Amino acid sequence: AAIIGQYKTEVAAERIRSMHGQTEVLSLTTRFQEAADDLFPATEVVVDCLDTPNSRRELAELCNQNKIPLVHGAVHQWYGQVGVQLAGGTLIQTLYGTHAEDETRIPSVLSCTVAVVASIQAAETCKLLLGMDSPLHNSWMNIDLRRVTVDIIESPGG
């Protein structure tokens, strides 16, 4: 089945439904800011798959306002990062600062990097839902698939 031209959310929802028919999936193709008031009160964890620093800062702020942990992931070519901002944390602010940026650059990604980052994000989400600790809570990891290195960086104030 061709997926070009379809929303990522719709493709992901259909894939989840095909794996387990009893799973309830809500696919939204709207900006998260428009759905926040309806969705965030019933949300346990938010997973960041956004493309821009400004959107990430907005999402992190909404998560903090609603006391929801945020599992962050970002990719650029061979490089990725994953981190977990616990409720009230400042991880995204540490990574991206507080000022708006020009967002005209088109992201350059490799599917292998996306797969690694998404897998780690899924594992971190499971840990949060199961009440497990992680070295990535209020910290992040840098992933370099070109040189095959992974470094965990502890967030200041941690």
Side-chain angles (χ1 to χ4, degrees), residues 1-89 91-93 95-97 100-132 134 136-138 140-146 150:
I3 61 172
I4 294 175
Q6 293 183 25
Y7 287 106
K8 288 188 274 189
T9 55
E10 291 173 356
V11 172
E14 187 54 41
R15 177 72 175 124
I16 292 167
R17 285 185 197 104
S18 74
M19 290 187 297
H20 193 282
Q22 299 301 312
T23 303
E24 183 179 333
V25 181
L26 174 63
S27 172
L28 298 175
T29 56
T30 185
R31 294 173 38 89
F32 67 85
Q33 298 91 333
E34 296 168 10
D37 290 343
D38 294 329
L39 294 178
F40 277 58
T43 300
E44 292 180 58
V45 178
V46 171
V47 181
D48 161 21
C49 303
L50 298 168
D51 295 327
T52 65
N54 291 342
S55 294
R56 287 185 172 117
R57 282 191 290 274
E58 285 184 63
L59 183 61
E61 179 59 31
L62 281 170
C63 286
N64 276 340
Q65 288 171 7
N66 289 277
K67 298 178 177 56
I68 302 170
L70 172 65
V71 180
H72 165 67
V75 295
H76 180 73
Q77 297 175 356
W78 295 96
Y79 312 100
Q81 69 184 22
V82 178
V84 178
Q85 176 175 291
L86 297 178
L91 177 65
I92 301 302
Q93 188 176 27
L95 291 171
Y96 295 99
E101 298 175 16
D102 177 24
E103 298 184 342
T104 57
R105 184 175 62 106
I106 297 172
S108 175
V109 299
L110 296 172
S111 59
C112 57
T113 312
V114 172
V116 168
V117 167
S119 293
I120 297 169
Q121 283 183 283
E124 292 302 314
T125 301
C126 289
K127 290 177 196 176
L128 286 166
L129 293 171
L130 294 170
M132 298 172 67
S134 171
L136 294 183
H137 287 177
N138 289 327
W140 75 94
M141 68 188 314
N142 288 327
I143 303 160
D144 180 340
L145 293 181
R146 192 163 183 204
V150 175

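Everything numeric in this text was worked out from a predicted model, so none of it was measured.
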(request) Take T43 and N66 through the side chain to side chain contact (heavy atoms under 4.5 Å, CB included) test and state the conclusion after the steps. (result) CA-CA 9 Å; T43 300; N66 289 277; over 6 Å; no
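- Among all heavy-atom pairs drawn from V117 and G73, the shortest one is CG1-CA, 3.9 Å.
- With rounding to the nearest 0.5 angstrom, the CD atom of E124 is 9.5 Å from the CE atom of M132.
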(request) May I have the step-by-step check of side chain to side chain contact (heavy atoms under 4.5 Å, CB included) for V46 and F32, ending in yes or no? (result) CA-CA 11 Å; V46 171; F32 67 85; over 6 Å; no
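- Among residue pairs with one or both ends in residues 15-43, those qualifying as salt bridge (charged side-chain N to carboxylate O under 4.0 Å, His left out) are E14-R17; sequence neighbours excluded.
- Scanning both residues, C49 and K8, for their nearest heavy atoms gives O-NZ, 4.4 Å.
- Residues I68 and A87 share a closest heavy-atom pair of N-CB, 3.9 Å.
- Distance check, rounded to the nearest 0.5 Å: CG of L86 to NE2 of H137 gives 5.5 Å.
- With hydrogens and angles ignored, the 3.5 Å screen pairs no side-chain donor or acceptor of R56 with any backbone N or O of D48.
- For the residue pair V45 and L129, the shortest heavy atom distance occurs at CG2-CD2, 3.7 Å.
- Annotation: the span from I143 atom CD1 to I120 atom CD1 amounts to 3.5 Å, rounded to 0.5 Å.
- Side-chain contact between L145 and L110 is absent, with no heavy-atom pair separated by less than 4.5 Å.
- Checking N142, V150, L136 one by one against V82, the side-chain contact (heavy atoms from CB on, under 4.5 Å) holds for a single residue, L136.
- Rounded to the nearest 0.5 angstrom, L59 CG and S55 OG are separated by 8.5 Å.
- The structure places SG of C63 at 4.5 Å from CZ of F40, a figure rounded to the nearest 0.5 Å.
- The CZ atom of R57 sits 9.5 Å away from the OH atom of Y96 when rounded to the nearest 0.5 Å.
- The side chain to side chain donor-acceptor pair (under 3.5 Å) check on E61 picks up Q65, with sequence neighbours excluded.
- Across N64 and G88, no two heavy atoms sit closer than the pair OD1-N, 2.6 Å.
- Between the side chain of Q6 and the backbone N or O of V11, no donor-acceptor pair lies under 3.5 Å.
- For the salt bridge (Lys or Arg N to Asp or Glu O under 4.0 Å) test, no residue two or more places apart in sequence or in another chain qualifies with E10.
- The closest donor-acceptor contact from the side chain of Q121 to the backbone of V71 lies under 3.5 Å.
- In this structure a side-chain-to-backbone donor-acceptor pair under 3.5 Å is missing from Q85 to L70.
- The two residues A36 and L62 come nearest to each other via the heavy atoms CB-CD1, 3.9 Å.
- A donor-acceptor pair is defined here as one N or O able to donate and one able to accept, closer than 3.5 Å; no such pair exists between the side chain of T9 and the backbone of S27.
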